[in-house]
Structures are given as C-alpha cells and as structure tokens.
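Let me begin by presenting the structure, written as structure tokens, before commenting on it.
Computed from a prediction, not measured in an experiment: that's the story for all the values here. Each chain gets a letter, A, B and so on, in the order the sequences are listed, and its residues count up from 1. Both backbone and side-chain heavy atoms feed into the values below; hydrogens, waters and symmetry mates do not.
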Number of protein chains: 2
Amino acid sequence: MKALSERQQQILSFIEEFIEEHDYPPTVRDIQSGCGISSTSVVSYNLDRLKDSGALSRDSEVSRGLKLAGQKSGTAAPVGIDTVAVPLLGTIAAGSPFPMPENDTWSDLTGQELIDLPQAIVGLGDNLYALKVRGESMIDALISDGDLVIMEQASSVRNGQMAAVRIKSDNTTTLKHFYAEGPRTRLEPANSQMEAMTFNSSDVEVISRVIAVWRYMG
Amino acid sequence: MKALSERQQQILSFIEEFIEEHDYPPTVRDIQSGCGISSTSVVSYNLDRLKDSGALSRDSEVSRGLKLAGQKSGTAAPVGIDTVAVPLLGTIAAGSPFPMPENDTWSDLTGQELIDLPQAIVGLGDNLYALKVRGESMIDALISDGDLVIMEQASSVRNGQMAAVRIKSDNTTTLKHFYAEGPRTRLEPANSQMEAMTFNSSDVEVISRVIAVWRYMG
DNA sequence: ATAATTTCCGAACATTAGTGCGGATGCAAT
DNA sequence: ATTGCATCCGCACTAATGTTCGGAAATTAT
C-alpha cells in the first residue's frame, strides 16, 4: 500500500472538515480552492489516488459523490441512547383551550420544537407531546409554572392516573388524578391536602394522559 | 404555520432515505425521479416551501445543498444526542441522612445505576447525581413519592434556588427554597400556600442544589 | 359559480461540477 | 544527462444540476 502524499492527506482532512460544516461533501472545486490548488484536474487526480488507496469511496460522475472510508455506513445510530422526539406543542394554563395535535396533522410536526427524551425514561409510548405549564393553576397537582408535562393522547385512562381533563360545564381544563365511579367521576389533585371534586361522568372529558413531568431549574 | 402537503412530506422522507443510503443529499433530479415527479420545477417549488416552513435548510445554487432541519450539525456523529450519565445514588426521605457522593469515591461509580439524561435539558453541569424521593415529606416543595430529583453538589446556593438543606439542630434534611438573610436563613417551600421557616444561618447546611425534577407515571 | 391560491407541467436557460488531454515540473534511479 | 514516474497546470468539453417562466390544473375561499 502506497503511503498518502501530503496533498492527499490535506485533501482528505479538508473533505472531513467540509462535511462536518456543511453536512454534504465538497465538490472538486470546493476542494481546489479549499486546498489552494490551481487546477481541478489535480484534485481529480488525487481523488483517484485516494480512491485507489481505499481512503475514500466515490460515486463517479456524481457531484459531491464522496464518502470517507472510515465513515459509519448509513445513519444508523453508532452511539447515543435511544431517544424519542417529543414535540412541544404549546403552553397550558388554567381553563385555556387545551392544545392537542389533530389527527390529520399529527404527522405534520415539522417546524415544531422537538424535545429529545431518553426512551429509557419516557418509554416507547407513541403519540407523545409536551406542554409547558404557565401559571400556578396546577399547583394542586404538584405542577408549577415553567414545568414541562409529557403527555400521551388518550380518550380514557385508568383510575388513579393523572390526566388532562376538561369539565365541559365549566369549560376549564386541568390536570387531576382520575377516578371513574360509575355515573360520577371523581377528580382529585395530587396533593392529598387538597379536596377532591366529583362530577357527572358525562361532564368530564379526558384529553390526555400525563406520562411525566420535567421541572428544570438550572 | 402552514401544514405540509402530501408531496412535501413525500419529498422530505425521500431526502431522509437518500441521505441514509448515500451519505450525501440528493439533487433536485434525484428527488424528481425518486418521487415520480414530472418536472424539476415542481421539486424546486416544493423545496422552497419546505425551506419556508423550516423543515429543511438549503444552500441555494449549490448542488445537493440540502440539510434536514432536525439533523444534528456534523455528520461525524450522525445521530445520538449528547447525554450526561447521572448516577442514581439512592433515596431521600425526610430526616434521613442525605446520600451524597464522597469526593474520593466520586469517580468510582461502577455498579451504580446510571440514568442517561439529555444534555440539552440537564445542562452540562458536572457533579450531578440523582435521588429517588421516598414518602411525601417533600410534598410542600411540589415533590412527591417516586420523583427523581437531579442534584448538583454545592456548598452554597443563590437566594431563591431550591436546595437540599440540613437543619443541624433537627438533623432533618429537606428540599426548600433558600434565602440567606444575614444571620438568619429563611427556607420556604415551593408551594406558596405553605409557611416559610427561619433558622440561624449557622444551623443550616447546604448540601446540594436541585437542578431538576423528573416525575414519571407511565 | 367565481375568484384566489396552490400546485404542477414543460421547456428553456445558466451555472456548477466532473473529466480528459497535452504539456510542464520535480525527483529519484540509471 | 536521460529515463521513468508521480504531480501539477490550464484549458476545454460535456454532463449534471439549480432556476426561471408562462400557462394549465387542482384546490380552496368567497
């Protein structure tokens, strides 16, 4: 195996830096100017050498068809833990209309702020989204201003779970522990020092299940 | 925010797959044939839309100058978010001796349960550790049984921050908001409905600063 | 229905970008 | 020196690639 010339190493590391910066490989002319070479053919020539030596692979006749040899194939995760991207859909405040992804736009979350959470602590639940809590209206559920609540879409929950529920007659929305008791539904705050309230089950609409709460005060 | 059309989503996922396979972005014509579009201008048009919506960024006039928005910069590490491994040192309960890593064993965390948290939401703080809360003794700090508190070693904190403090005379340890007021130190729970308490500053020892709280009820 | 908007088409056009080729230049072996 | 080989130059050429524009078609709003 022939050793790489200085120029070849220079080109190689330029390619590396370029990809690092742009997320796509350089053109022959990018390399030319980047390495202070006076002719594209020189680049072409050395690229062939590098290909021969196996330092990089190349889709010929294709612009930017370069791939560093040492590079991981594909984008499959080489390191890093499994994460779930959770869209931050908005804020939640007492009584405000509760933000919630509509079915048809569920897959259309582009542009939304995404929060990466480790799968290990979120679980692999689907249909997750996050809301930022504004105000102290959830204080009785041990949730305060600035907290991030991770929610999962659900139309029903098991007794005892915390959920975002809407009292139709009040048109208010809060987070409470949910207990269905036949025709009546009892909602009790997480703080046991607070009083529970009971409503007609038909007056209570479950919107989402609360998966987790994240409070950061760094 | 305008929703993405079907075609735009189609293009978006094609780009994603293409990069996955080639390690460099597709050309307009790659997208054209890949998505069964009859004109390059349609691709160009939708690429502009996608750029407007922020779904991808684009180096215009540059071949293959595409970059997916969600993508981490730098292809070297294709995916995987930065995470910080936080050791779960034990549990905290009212009055119990507060677990805390000793300096000489700090680096010896082998066998400890580690919790990976995204750096983005934890910050890059060093000397972090986690404790699981047992019992409802922290209820007045909006922290309940089963919660995970992320802490940072600290011997002092700024006023208003939440910290694990030990009342020497009581030999109790709790989480409270901390306010140094000269010779006296006021500790007040996060729940404003609760009363604050004041102690001689010399009787209060700061153990750790609370960085974050994680409550999971999946 | 009618108008407005969005999306698509086709076909040119203008760069950008990869390749080829004759001829230097530099260096080492003969 | 002369030869051989690896590099490098310039330049031209062709293919690849992004852009533009008038108008049609589809969709949505009025």
Side-chain angles (χ1 to χ4, degrees), chain A residues 1-15 17-19 21-68 102 104-105 107-108 110-111, chain B residues 1-15 17-19 21-69:
Chain A
M1 165 91 56
K2 200 71 196 301
L4 294 185
S5 75
E6 197 172 316
R7 169 76 18 114
Q8 279 147 26
Q9 293 183 36
Q10 179 191 21
I11 290 178
L12 211 49
S13 54
F14 174 80
I15 295 175
E17 291 169 20
F18 190 98
I19 294 179
E21 179 175 341
H22 296 87
D23 282 325
Y24 50 80
T27 65
V28 168
R29 285 174 178 79
D30 287 332
I31 300 173
Q32 181 192 3
S33 65
C35 295
I37 299 174
S38 53
S39 174
T40 57
S41 62
V42 175
V43 179
S44 184
Y45 168 81
N46 285 289
L47 247 28
D48 283 341
R49 280 311 93 71
L50 286 167
K51 183 178 180 179
D52 291 342
S53 77
L56 59 77
S57 63
R58 201 170 180 209
D59 293 353
S60 230
E61 316 250 338
V62 168
S63 79
R64 305 179 191 275
L66 300 169
K67 179 170 5 179
L68 295 177
E102 295 128 50
D104 43 336
T105 57
S107 56
D108 163 32
T110 330
Chain B
M1 167 86 57
K2 201 70 197 300
L4 295 183
S5 74
E6 197 172 318
R7 166 104 335 141
Q8 280 147 25
Q9 294 182 38
Q10 179 191 21
I11 290 178
L12 211 49
S13 54
F14 174 80
I15 294 175
E17 290 167 21
F18 190 99
I19 294 179
E21 181 175 340
H22 296 88
D23 282 327
Y24 50 80
T27 65
V28 167
R29 283 173 180 79
D30 287 333
I31 300 173
Q32 182 192 4
S33 65
C35 294
I37 298 174
S38 53
S39 173
T40 58
S41 62
V42 175
V43 179
S44 186
Y45 169 79
N46 286 290
L47 248 29
D48 282 341
R49 277 312 97 71
L50 287 167
K51 183 178 179 179
D52 291 343
S53 78
L56 57 78
S57 63
R58 201 172 180 210
D59 293 353
S60 227
E61 318 250 335
V62 169
S63 78
R64 303 177 193 277
L66 300 170
K67 177 169 6 177
L68 295 178

Does the side chain of [X] get closer than 4.0 angstrom to OP1 or OP2 of [N] through an N or O atom?
{"X": "Tyr45(B)", "N": "dC8(C)", "answer": "no"}
{"X": "Arg58(B)", "N": "dT19(D)", "answer": "yes"}
{"X": "Arg29(B)", "N": "dT19(D)", "answer": "no"}
{"X": "Arg7(B)", "N": "dT7(C)", "answer": "no"}
{"X": "Ser41(A)", "N": "dC9(D)", "answer": "no"}
{"X": "Arg64(B)", "N": "dT17(D)", "answer": "yes"}
{"X": "Ser44(A)", "N": "dG20(C)", "answer": "no"}

Over how many whole Å does the gap from [X] atom [atom1] to [N] atom [atom2] extend?
{"X": "Asp59(A)", "N": "dT19(C)", "atom1": "CG", "atom2": "C1'", "result": "16 Å"}
{"X": "Ile37(B)", "N": "dA26(D)", "atom1": "CD1", "atom2": "C1'", "result": "16 Å"}
{"X": "Leu66(B)", "N": "dT19(D)", "atom1": "CG", "atom2": "P", "result": "10 Å"}
{"X": "Asp30(B)", "N": "dT17(D)", "atom1": "CG", "atom2": "P", "result": "6 Å"}
{"X": "Gln8(B)", "N": "dT7(C)", "atom1": "CD", "atom2": "C1'", "result": "9 Å"}
{"X": "Arg49(A)", "N": "dC8(D)", "atom1": "CZ", "atom2": "P", "result": "10 Å"}
{"X": "Gln32(B)", "N": "dA11(C)", "atom1": "CD", "atom2": "P", "result": "12 Å"}
{"X": "Tyr24(B)", "N": "dG18(C)", "atom1": "OH", "atom2": "C1'", "result": "13 Å"}

**Item:** Nearest-nucleotide 5' precedence on DNA chain C, Val42(B) against Gly65(A)
**Value:**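 Result of the comparison: Val42(B).
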
What distance do [X] atom [atom1] and [Y] atom [atom2] have between them, rounded to the nearest 0.5 Å?
{"X": "Ile31(B)", "Y": "Arg29(B)", "atom1": "CD1", "atom2": "CZ", "result": "11.5 Å"}
{"X": "Thr40(A)", "Y": "Leu47(A)", "atom1": "OG1", "atom2": "CG", "result": "11.0 Å"}
{"X": "Arg64(B)", "Y": "Tyr24(B)", "atom1": "CZ", "atom2": "OH", "result": "5.5 Å"}

**Prompt:** Of all heavy-atom pairs between Cys35(A) and Ile11(A), which one has the smallest distance, and what is that distance?
**Reply:**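 Answer, listing the atom of Cys35(A) first, then Ile11(A): SG-CA, 4.0 Å.
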
**Message:** What's Asn46(B) touching, base or sugar-phosphate or nothing? Going by heavy atoms closer than 4.0 Å.
**Reply:** sugar-phosphate

**Request:** Describe the nucleic acid contact of Val43(A) in one word from base, sugar-phosphate, nothing, applying a heavy-atom distance below 4.0 Å.
**Result:** nothing

**Message:** Does Ser39(B) contact dG10(C) through a side-chain donor or acceptor facing the base, at a distance under 3.5 Å?
**Reply:**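 Yes, a donor-acceptor pair under 3.5 Å.
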
**Prompt:** Below 3.5 Å, does any donor atom in the side chain of Thr40(A) face an acceptor in the base of dT19(C), or the other way round?
**Reply:** yes

**Request:** Answer whether the closest heavy-atom distance between the side chains of Asp30(A) and Ile15(A) falls below 4.5 Å.
**Result:** no

**His22(B) vs Val62(A) side-chain heavy atoms within contact, under 4.5 Å** = no

**Given dC8(D), dG18(D), dC8(C), the nucleotide with the shortest approach to the side chain of Ser38(A)** =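 Shortest atom-to-atom distance from the side chain points to dC8(D).
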
